[in-house]
Structure formats: C-alpha cells, structure tokens
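Accompanying notes for the structure given below.
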Amino acid sequence: MPLVASAHVNALADLPLLASGKVREMYALSDSDGAAEPRLLMVASDRISTYDAVHPTPIPDKGKVLTALSVFWFERTGHIVANHLLSATDGVPEEALGRGLIVRRLRMLPVECVVRGYITGSGWSDYQASGAVSGIPLPAGLRESERLPEPLFTPSTKADAGHDEAIDFERAVELVGDRELMELVRQTSIELYSLAAERTRECGVILADTKFEFGLDGDGQLIVGDEVLTPDSSRYWPADGFEPGHGQPSFDKQYVRDWASASGWDKRPPAPSLPPDVVTGTRARYVEAYERITGEPFDAWLARTTAAAGADVRGAA
Ligand code: Q0Z
C-alpha cells in the first residue's frame, strides 16, 4: 500500500507530473489550447510534515487552506510585485478544485528568498555561532525568537534533496548572475514580508519568517511564484504568549509536534500516523489561521471554488 493515499492526485495523472514536493504536486498543462503562454497546475495535498518527515495521516482541508491563503496574499500584493496566479477555478480539474491553481510557467531564479523578522531556527543557530545571519552582523545579546531591528533578507540555495544551504547576498548575486535583479528581489521580498507581518500582527498572529520563490516571465519581468505566505512556507506563531528566550509554538503544527515528541518517535522517517484528536485539532488550527488572517469564514473559499460545497453552503443557509 502506498505511504500516502492520493486518489485526487492520481486522478490528475493524465497530466504530465513536472515536480513533486513533500506535500505538493506540479503538472504541466497543454499549451495546444490557445493559451497565450505556458501554464502549470499546482496542487496542494492534505499531507503534513514535521521534522522533515511526512506523516501517513492527512489533515483534511489542509491543502485547500494553504491554497486559499496563497490566493489571499497574491490578491493583496499585486501593487508590490506581479505574481504567477492565473485562476483558482477556470481550467482547474474538478478533483483539484479548492486546492489547485493555474499559474504562469516561469524561469525560476535558483535561490530561495527568505525574510526573517525574528531570530529563530537556522538563523538563531547561525547568530549563536557567528553573531551574523547571511553575512549580516547583528547586535550582541539577542535572545532566541526576539524580533529583529528590521527584517533581514537571508537567501538560500535550492537543494534537490536535504536541506537548503544559507548563502549571503553576494553568493545569491553570483548564482542569479544579475546584481540589479537581485537587489530588486531583496527589496521586493522585504516589502512582501513587511506587508504580511503588519496584517497578521493585527490578527494576533506573528509572521516570524517566510520564503518566496521568484521567476522571470517571457518578457524578463520579475514575478513571484510558488506559494506565498502559507504556513508551509512561513513560520506563524500565536502572538498570545509570545516570549523571547526560547522557541515558540507553531500556530499550525504544534499539536502534531507535541504529540510526536510525547509518542517517543525518534524523528527519523518514517513518521508515525496521527491519532484522530491530533488530526481534528490541527485541522481546526489551519482553518483558524485562515479565518483570523483573511477575516472571512473558510467556507467562503469553498463556496467560491468548489461547486458542490458552494451548493451545500447555500442549501444549508
Ligand atoms: C515551483 C514546487 C510544487 C514541487 C518550480 N510558476 C512556476 N513556473 C515554473 N516553475 C515553478 C513555478 Cl511556481 C516551480 N516549484 C516548487 C512546487 C511541487 C516543487 F507544487 N518548482
């Protein structure tokens, strides 16, 4: 039996699978149907990973929540940078509705664009070892999880397997091969982070850090792609109880992490299956994140994107 039951994704298997991540798939769409340019279908599954391992138990609607959050942020950041989103409905196969997006196919830049507003994770490790992150010297005496004086751009390389490698800005310029473009990417990344962090703060959610992926379109214009400002590409913390000096709980995955730690799992693959109360509690946290950040019920997303659910919602009203 496969590790992950993925009937929805398999139903899309007549499309060429271009790339498969731990929790997402990307398909090529035919460009023989009058489309102006090459397009992709990106599909977010309900799979969840902790400690870099994917659990065999899905979190119902997780893929839809992440897709909905990406769309929310794409719609609110177009004044900062153009994005790859074409549609969450037109052209999305029925079985991927709500979790799939049609996007412009780009020439992706070979760097991951991380912005950190707080000192945590690998940034905290690097700071403790050297007093700097991504070659940027920081004030002495910062505590774990502390807010930084200003958001930092800390790029990394894209590793096919294993962990991304932190690099400094000069190395990112070398890899991209265009200093001016890389300066635009840095400025854009920081503006995107700052806009999102200010909004989530008002919702009681701290956006500790996030990762963007950019590409160029056929005209060489900079476009933000991939997923943006989702819980899988970002660290979201509850503002309630925030306290520097130690690691913070994850807004979305903390039930899974706490349960996994208490279970005695050694955090090496394979990840254990999850008990029903952890699944239910975690789904509720994803939905809560969506509703707090967007200010609308998650059902509103389902109604806009999934015809049957929309009919259900209207029928129940
Ligand atoms: C995204 C990734 C995923 C596995 C490449 N608009 C684009 N054009 C070309 N390539 C990409 C994009 Cl977003 C692109 N990834 C990340 C996504 C599954 C890997 F759904 N890699």
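Order of appearance sets the numbers: ligands from 1, and atoms from 1 within every ligand. Note that the structure is predicted; figures quoted are calculated from it, not measured.
- Residue Leu106 approaches ligand 1 through these ligand atoms, each under 4.0 Å from one of its heavy atoms: 6 (N), 7 (C), 8 (N), 9 (C).
- Taking only nitrogen or oxygen atoms, main chain and side chain alike, Arg105 does not reach within less than 3.5 Å of ligand 1.
- Closest protein heavy atom to atom 12 (C) of ligand 1: Met108 SD, 3.6 Å.
- For Arg143 against Ile119, the heavy-atom pair with the smallest separation is O-CG2, 3.4 Å.
- Leu40 CD1, 3.5 Å is the protein heavy atom nearest to atom 7 (C) of ligand 1.
- Here His84 has side-chain heavy atoms under 4.0 Å from ligand 1, and that is the only part of it that gets that close.
- Using a cut-off of 4.0 Å between Lys/Arg side-chain N and Asp/Glu carboxylate O, Arg199 and Glu202 are scored as not salt-bridged.
- Side-chain atoms of Asp61 and Tyr286, non-hydrogen and from C-beta on, never get closer than 4.5 Å to each other.
- The cationic group of Arg186 lies under 6.0 Å from the six-membered ring centre of Phe169 and within 45° of the ring axis, placing it in a cation-pi geometry.
- Protein heavy atom at the shortest distance from atom 19 (C) of ligand 1 is Ala19 CB, 4.1 Å.
- Remark: the Thr67 side chain and the Arg24 side chain contain no N/O donor-acceptor pair separated by less than 3.5 Å.
- Under 3.5 Å, the side chains of Glu191 and Gln187 contain a donor-acceptor pair of N or O atoms.
- Shortest contact from atom 14 (C) of ligand 1 to any protein heavy atom: Met26 SD, 3.5 Å.
- Ranking the protein heavy atoms by distance from atom 16 (C) of ligand 1 puts Asp226 OD1, 3.1 Å first.
- Ion pairing between a basic and an acidic side chain is recognised when a charged N comes within 4.0 Å of a carboxylate O; Glu170 and Arg179 show such pairing.
- Every atom of ligand 1 with a heavy atom of Met42 under 4.0 Å away is listed here by number and element: 13 (Cl), 17 (C), 20 (F).
- Considering both main-chain and side-chain atoms, Arg104 comes within under 3.5 Å of ligand 1 through a nitrogen or oxygen pair.
- Applying the 6.0 Å contact sphere to CG of Asp266 captures more than 12 heavy atoms from other residues, nucleotides or ligands.
- His55 has its ring centre less than 6.0 Å from the ring centre of Trp265.
- Contacts with ligand 1 closer than 4.0 Å are made by backbone heavy atoms (N, CA, C, O) of Glu25 only, the side chain lying farther away.
- Remark: minimum distance from atom 4 (C) of ligand 1 to any protein heavy atom is reached at Gly21 N, 3.5 Å.
- Taking atom 17 (C) of ligand 1 as the reference point, the nearest protein heavy-atom neighbour is Arg24 NH2, 3.4 Å.
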